[in-house]
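Inspection log for the structure reproduced underneath, given as structure tokens.
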Amino acid sequence: MSEIIFLGTAGARYVVAKQLRASAGTIINIENSYLLLDPGPGTLVYLAKRKIPVEKIKTIVVSHHHLDHSADLNVIVDAITEGGFKKRGTLFLTESALRENILLPYLRNYLKKIEILKPHTVYEENPFNFKTTCLLKHTAENYGLLFYFPEGKIVGFITDTAYFEELAKEFAEANILVIYTVRYKPKEGVLHLSIPDVKRLLAKMKPEEVILTHFGMTMIRANPFKVAQELSKELELKIRACYDGMSIKF
Ligand SMILES: [Zn+2]
């Protein structure tokens, strides 16, 4: 059995700073092996709250170096390696995240392996299989991710990006699409997706299910559940707004 647990659903500075939604990362559980995606602030706390044993995390993926995706990385590396006494875990991160020292240099040797994320590359870290997309359009080097589950499902994570034409093609194979929808309305110069962008994207794709998450303030004010419901009706697709602690199983 596989499960995805969204520990947090906050995106953008204000929602994270005020913790209007939790900014913890996402857990992917395949047969009791845990992968942690984007350990934002509070990840360690929410792992404990949800009774997810931190030492079960063997794989960490950081899509890009912004704090809402990486702030708890160091404390989690320390926890899973028992302060460096047990060499454990593989970390996948971008070249620029490594350069930005999101992982403190003294912790680097604690991990078994550090792998650099490159565009359009397949990574296999048993039991996890995933592929990066092209470079997304964001203010940091950032990739989208497609996770291949043993049950045959493909789950795409459209992480932080502005809209661009090839986005639909990059995620075409996803059965389930998780979209980091920071904004309700687009704003000039902001490299994040908004609801009109989501509409444009979904006009070109037909995933079985869409999950909106990573909400900024304009989305919170608009009520993500209502927005998802209306969008679902309009586009005749199964679209849900994520909430903190939501899980999907297959
Ligand atoms: Zn970002």
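Quick caveat: nothing in here was measured; it's all calculated off a predicted structure. Counting convention: from 1, in listed order, for ligands and their atoms alike.
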So, 2.8 Å as the limit: is an N/O/S atom of Asp160 located closer than that to the Zn ion (ligand 1)? yes

Quick check: does any side chain N or O of Thr9 sit under 3.5 Å from a backbone N or O of Arg21, one acting as donor and the other as acceptor? no

Determine whether Ile28 and Thr59 make a side-chain contact, defined as any pair of heavy atoms from C-beta on separated by less than 4.5 Å. no

Taking 2.8 Å as the cut-off, does His64 contribute an N, O or S atom near the Zn ion (ligand 1), distance below it? yes

Within rounding of 10°, what is the angle whose vertex is the Zn ion (ligand 1) and whose arms end at NE2 of His138 and ND1 of His66? 90°

Quick check: does His69 have an N/O/S atom under 2.8 Å of the Zn ion (ligand 1)? no

Check the side chains of Glu170 and Tyr143 for a donor-acceptor pair under 3.5 angstrom, ignoring hydrogens and angles. no

Pair Asp68, Ser23: side-chain N/O donor-acceptor within cut-off below 3.5 Å: no

